[in-house]
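Here is the structure we will look at.
For reference, positions follow the sequence shown, starting with 1. Numbering of ligands and ligand atoms starts at 1, following listing order.
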Amino acid sequence: MQVETSSRLPDVDSASAAHTGRCAAFIRGRIAEAGGSVSFAEYMQHALYAPGLGYYAAGATKLGEAGDFITAPELSPLFGSVIARQCAGVLDSVGGGSILELGAGSGRLAIDVLKKLSELKALPDRYLILEVSAELAERQRAAIETEVPELAPRVTWLAELPTGHRGVILANEVIDALPVERFVRRDSVRQLRVTIEGDTFRFVEADAPRNLESAVAAIEADLGNRLAEGYVSEVSLGAAGWLADVLASLDAGIALLFDYGLGRREYYAPDRNAGWLRCHFRHHAHSDPLILAGVQDITAWVDFSLVAAAAIESGSELVGYTDQASFLIGGGLEQELAGLASLAPAAQAELSRQVKVLTLPGEMGERFKCLGIRRGEAAVPGGFAFADRTHTL
Ligand SMILES: C[S@@+](CC[C@H](N)C(=O)[O-])C[C@H]1O[C@@H](n2cnc3c(N)ncnc32)[C@H](O)[C@@H]1O
């Protein structure tokens, strides 16, 4: 996501204020039912996905200029075009097949990938979308029907993962939207739960459940040392199971997972002692997930070592891990820019700006990574040929 970081949040308009009031009341109800507190993962699940109330489950525009943040596909069609080139190679190597996109947001990536694959005469049999937000699925359908009506019949929305999928699985900024647990290291591992204080939410420490304790023990075993007293961070207890299910649906092909994140050693580095939560409201980034429930996005950077280990555990093969800039350069960005000189100066300038944001280290180029996972026989996308960061996992 591309956002500004600011200590002062923009004013909350009256509709958003009313909405967050309703969402917060819903969460207060769940906290009361649970006896006074819920885990942070439960809080995040409600704040993002409570039907009709959560950030992704309610009506406001989320992605793009008019929303709260901009993702790579929202920023530039170049992202989808390069991914389409990678998909073409994989589809060819498995003898046809389909693309399955998880969490398709506004539908932008689907549109750009389909457009490019049509141009390359390499369309997939079907473009499948699995989206948890019914509201976003409607937006995706409308955008696809408007922008690529001739390709819309190939697109199918699924209510659950398919079986026997052959081809490609794509997920851009989906893992960071999966709920995480928050913990603090004391003599023992303590869970940070969410409770109510007056009209606001606040964190409270409690004994960690067994699965959180084991997850932190596994992290410390990998690091070779105990985290320092007072160290706060997050861990996803759901990502491994989620990925195992996703990969089990793939008979032959490649999964490409894009997100901001890093390997475990950097994720749990001594100086990262306040964790990796990031919230987005009207293009401003901050780190307080307990405000603006239902109207701000809540994300956690991804521990790619955890994701890679889950992939291997599921019997899949890692075929690459690199940063977004390297993936795009290795994947054909240059070919996509071949016609740049023939464009009008304003269009050239705009495309150059997009390339900079997608690839510069201080922008999206280095923070974002792509993990490639293979099942069965399938060609490894060229995007991984340029630079390999597997040693950081
Ligand atoms: C940050 S948005 C990214 C949207 C889009 N991929 C993009 O890059 O613009 C996260 C998306 O993942 C969806 N999502 C969250 N959890 C999901 C899950 N378990 N399965 C499928 N989609 C999910 C959300 O509803 C939303 O569409």
Side-chain angles (χ1 to χ4, degrees), residues 1-3 41 44-80 82-83 99-113 127-141 143-144 157-162 168-180 236-247 249 255-261 277-281 283 285 294 296-302 307 310 324 327 357-358 364 367-370:
M1 288 173 190
Q2 198 52 22
V3 284
M44 188 168 164
Q45 175 70 32
H46 295 318
L48 294 183
Y49 306 108
L53 292 170
Y55 180 73
Y56 283 110
T61 301
K62 295 141 192 78
L63 296 96
E65 293 295 340
D68 300 291
F69 56 86
I70 292 186
T71 59
E74 296 291 327
L75 173 79
S76 173
L78 291 167
F79 184 75
V82 173
I83 290 180
I99 296 173
L100 164 64
E101 185 180 355
L102 307 169
S106 69
R108 193 68 258 160
L109 183 61
I111 292 167
D112 291 339
V113 166
Y127 194 104
L128 309 168
I129 295 180
L130 180 62
E131 170 57 68
V132 285
S133 161
E135 198 266 327
L136 279 177
E138 264 326 298
R139 283 179 194 240
Q140 292 155 15
R141 198 184 303 275
I144 288 166
W157 280 262
L158 305 178
E160 55 188 35
L161 285 163
V168 182
I169 295 179
L170 299 174
N172 187 59
E173 290 204 35
V174 178
I175 307 178
D176 72 77
L178 301 177
V180 289
S236 174
L237 298 182
W242 173 82
L243 185 62
D245 291 345
V246 166
L247 293 174
S249 74
L256 295 175
L257 310 177
F258 298 85
D259 230 307
Y260 37 76
L277 290 180
R278 215 70 184 123
C279 307
H280 303 99
F281 179 67
H283 297 277
Q296 73 172 359
D297 191 22
I298 306 173
T299 71
W301 281 48
V302 173
V307 180
Q324 178 172 295
F327 186 85
V357 181
L358 286 173
M364 294 175 135
R367 278 178 291 149
F368 281 78
K369 308 293 189 315
C370 178

Shortest heavy-atom approach to atom 4 (C) of ligand 1 - which of Gly105, Pro73, Ala72, Ser133: Gly105

Return yes or no for this condition: an N or O of Thr71 is under 3.5 Å from an N or O of ligand 1. yes

Nearest non-hydrogen partners of Leu358 and Leu78, listed with the distance: CD1-CB, 4.2 Å

Does Asn172 reach ligand 1 with a nitrogen or oxygen that is under 3.5 Å from one of the ligand's nitrogen or oxygen atoms? yes

Nearest heavy atom to atom 22 (N) of ligand 1 wins, so pick from Ser106, Gly80, Gly103, Gly54. Gly103

Looking at ligand 1, is there an atom of it that comes within less than 4.0 Å of some heavy atom belonging to Trp242? yes

Those residues that, when tested against Asp112, pass salt bridge (Lys or Arg N to Asp or Glu O under 4.0 Å) (two or more places apart): Arg108

Have a look at Ile129 and tell me which of Leu136, Ile144, Leu109 forms a side chain to side chain contact (heavy atoms under 4.5 Å, CB included) with it. Ile144

Atom indices of ligand 1 within 4.0 angstrom of Leu130 heavy atoms, with elements: 21 (C), 22 (N)

Donor-acceptor pair, Asp259 side chain versus Asp176 backbone, under 3.5 Å? yes

Given Phe79, Tyr56, Phe258, Tyr49, which one has a non-hydrogen atom that is nearest to atom 16 (N) of ligand 1? Tyr49

Identify the heavy atoms of Pro51 and Ala57 that sit nearest to each other, and give their distance. CA-CB, 4.2 Å

Does Asp176 reach ligand 1 with a nitrogen or oxygen that is under 3.5 Å from one of the ligand's nitrogen or oxygen atoms? no

Check: Glu131 side chain, Ala104 main-chain N or O, donor-acceptor pair, under 3.5 Å: yes

Kindly determine whether Ser249 and Ile169 satisfy side chain to side chain contact (heavy atoms under 4.5 Å, CB included), including the steps that lead there. CA-CA 10 Å; Ser249 74; Ile169 295 179; 4.0 Å; yes

Side chain, backbone, both or neither: Leu136 near ligand 1, heavy atoms under 4.0 Å: side chain

Any heavy atom of Val132 sitting closer than 4.0 Å to ligand 1? yes

Run the contact test for Arg108 against ligand 1 with a 4.0 Å cut-off on heavy atoms, strictly below, and give the result. no

Counting distance only, does the side-chain N/O of Glu173 pair as donor-acceptor with the main-chain N or O of Phe258 below 3.5 Å? no

